[in-house]
Amino acid sequence: MDPFRTLRGFRDILSPETDILSYIENTAKEIFKLYAYNEIRIPSVEMTELFVKSTGDTTDIVEKEMYSFNDAGKRNISLRPEGTPGVARAFVQHKLNLSGKNSKFFYIGNMFRAERPQAGRFREFEHIGIEYLGNPSASADAETIILLMALLKKTGVKDYFAEINSLGCGDCREKYKKELLEYLKNNASRLCEWCQNRIEKNPLRALDCKIDGSKLSIEAPKLKLCEDCSLHFEKVKELLKIAEIDFKINKSLVRGLDYYTRTVFEVKSSALGSQNAIAAGGRYDKLIKSMGGQDTPAVGWALGADRLAMLIKDNISLKSNAPDIFVICADKSSFTESFKILNNLRNNGISADFSNFELSLRSQMRSADKSGATIALIMGEEELKNSSCSIKFLKHAEDDKGKQEQIPLNELLEKTKNILNTENRIND
RNA sequence: GUGGUUGUAGCUCAAAGGUGGAGCGUCCGUCUGUGGCACGGAAGGUUGCGGGUUCGAGUCCCGUCAGCCACCCCA
């Protein structure tokens, strides 16, 4: 292994990808504010047990994708593969249900899963997620989904669709699991070895079995929601329609995590490869209690920021970090003054850049052009003599392109601010 | 984790076992104080890494690492 390369599945993210990710994060934060969600920052590392007991010990994430290791104190710890267990843990640990504040959280953070990398799948990736704790009503389910769709719409992404389903509560699900397990045992030969081994622990996952799962899911007994769950699901659908959210019902949508109850949903894109999920989530009414907290219903989702970035990178134009002014030194006698001007501009809130004052004027002008700056500011012997500087409008200046004038140094700040305001107005 | 495929300059790619190139980009110059255009020149390579076959390997073989694609799985 070459120590001077990134590990498999890990990557450096450079501009403009970083700009797109920042744009997504900022857009998300605007929406979160509209819906009154507060930020929570949780550790990247937790006890392995946390994920085993929440995400679930039969899930692929926990069984084969976690970065787990022992620390110096012989604790078995893991890099977080998802955010919900950490947020739930924080809620219980700090007794946030007693704080009197609304328990609506958002988080933005990197997650880790040791999967085989491919398009849209990295071993370290960014999740943006929300968790709404303490509200059992269908209105909470609806709000989180509406928020998600509003966020996606605002980012400008195209070609995505939402699917929802209900997995039922503990009661109707347990009943169904027994029925299903009975059926699966009678049809065990149609399952792969892997599924045969796990049907006892989690029969629902067998319906995802690729060998005969799709047929099984048609033929197998169907989940019958109890009356409460059925009403809840109907209400969620009704509220989504009121909010004019487009969605489809997908009866075979089974989220891969153990803690989901009732509503589950997923947003997919037809424009992605086989990693077509942009965001997914659902209700998890039993999780908080299972961690020793009070019985607290909850619902949430997570969005793959990297995947969203892939989708919008081509149809979005971001303001670059091009400087407003590019400072050029025409000869050695003005070196010091040029550097002073550069600092002065920046100290007064005008973005400025330079290349190398010791290079030729031509070379520095070329750099100025490439930088995307609006104005080239030239300092030389002549300007120094007059206590002035020359400013030249480059191609990026909308208006006075190519124009050049000499202005006194003591008017520089005021003048450039006026010019830049005018130029920006034109650009807008 | 399984299968397929690809690794040559910063990028996109040539080189059919016989001296590793081009385009774009970068830098310098033509232009004694002025960018874009044009022209001239320069820099930049352990051909991913390690073995093997051969008189000779970027090219063939084996291994390994990495990228991409699909499976799987997810967000």
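Per chain, numbering begins at 1; letters A, B, ... match sequence-line order.
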At less than 4.0 Å, is any side-chain N or O atom of A:Arg11 found next to OP1 or OP2 of B:rG67? Yes or no.
no
Exercise: identify the closest heavy-atom pair between A:Trp301 and A:Tyr107:
O-OH, 4.2 Å
Look through every strand shown and name the nucleotide pairing with B:rA22 as Watson-Crick or G-U wobble, where both distances are under 3.5 Å.
B:rU12
With both distances under 3.5 Å as the test, what is the Watson-Crick or G-U wobble partner of B:rC71?
B:rG1
Determine: side-chain N/O of A:Arg8 to OP1/OP2 of B:rG67, distance under 4.0 Å, yes or no.
yes
Between A:Gln118 (CD) and B:rC72 (P), how many Å, whole number?
10 Å
Only pairs with both distances under 3.5 Å count, Watson-Crick or wobble alike; so what is the partner of B:rG56 in this structure?
none
Using a 4.0 Å heavy-atom cut-off across all strands, classify A:Glu383 as base, sugar-phosphate, or nothing.
base
Is the side chain of A:Ser269 donor-acceptor paired with the backbone N or O of A:Asp159 at a distance under 3.5 Å, no angle test?
yes
Give a yes or no on whether A:Glu381 atom CD has more than 12 heavy-atom contacts from other residues, nucleotides or ligands under 6.0 Å away.
no
Taking the side chain as every heavy atom from C-beta outward, state whether A:Ile249 and A:Phe233 have any pair of such atoms under 4.5 Å apart.
yes
Base, sugar-phosphate, or nothing for A:Glu381, non-hydrogen atoms under 4.0 angstrom?
base
Remember a base hit wins even if backbone is also touched, and classify A:Ala277 as base, sugar-phosphate or nothing at under 4.0 Å, heavy atoms.
base
Can you check whether A:Ser360 has a side-chain N or O nearer than 4.0 Å to OP1 or OP2 of B:rG33?
no
Under 3.5 Å for both donor-acceptor distances, Watson-Crick or wobble: does B:rA66 have a partner, and if so which one?
B:rU6
Does B:rC27 have its OP1 or OP2 closer than 4.0 Å to a side-chain nitrogen or oxygen of A:Lys370?
yes
Within the structure shown, what part of the strands sits under 4.0 Å from A:Gln364 by heavy-atom distance: base, sugar-phosphate, or nothing?
nothing
In whole angstrom, what separates A:Met365's CE from B:rU32's P?
13 Å
For A:His127, ring-ring contact (aromatic ring centres under 6.0 Å, His included) partners two or more places apart:
A:Phe125
Pull out every protein N or O sitting under 3.5 Å from an N or O of nucleotides 43-49 of chain B, one pair per line with the distance.
none

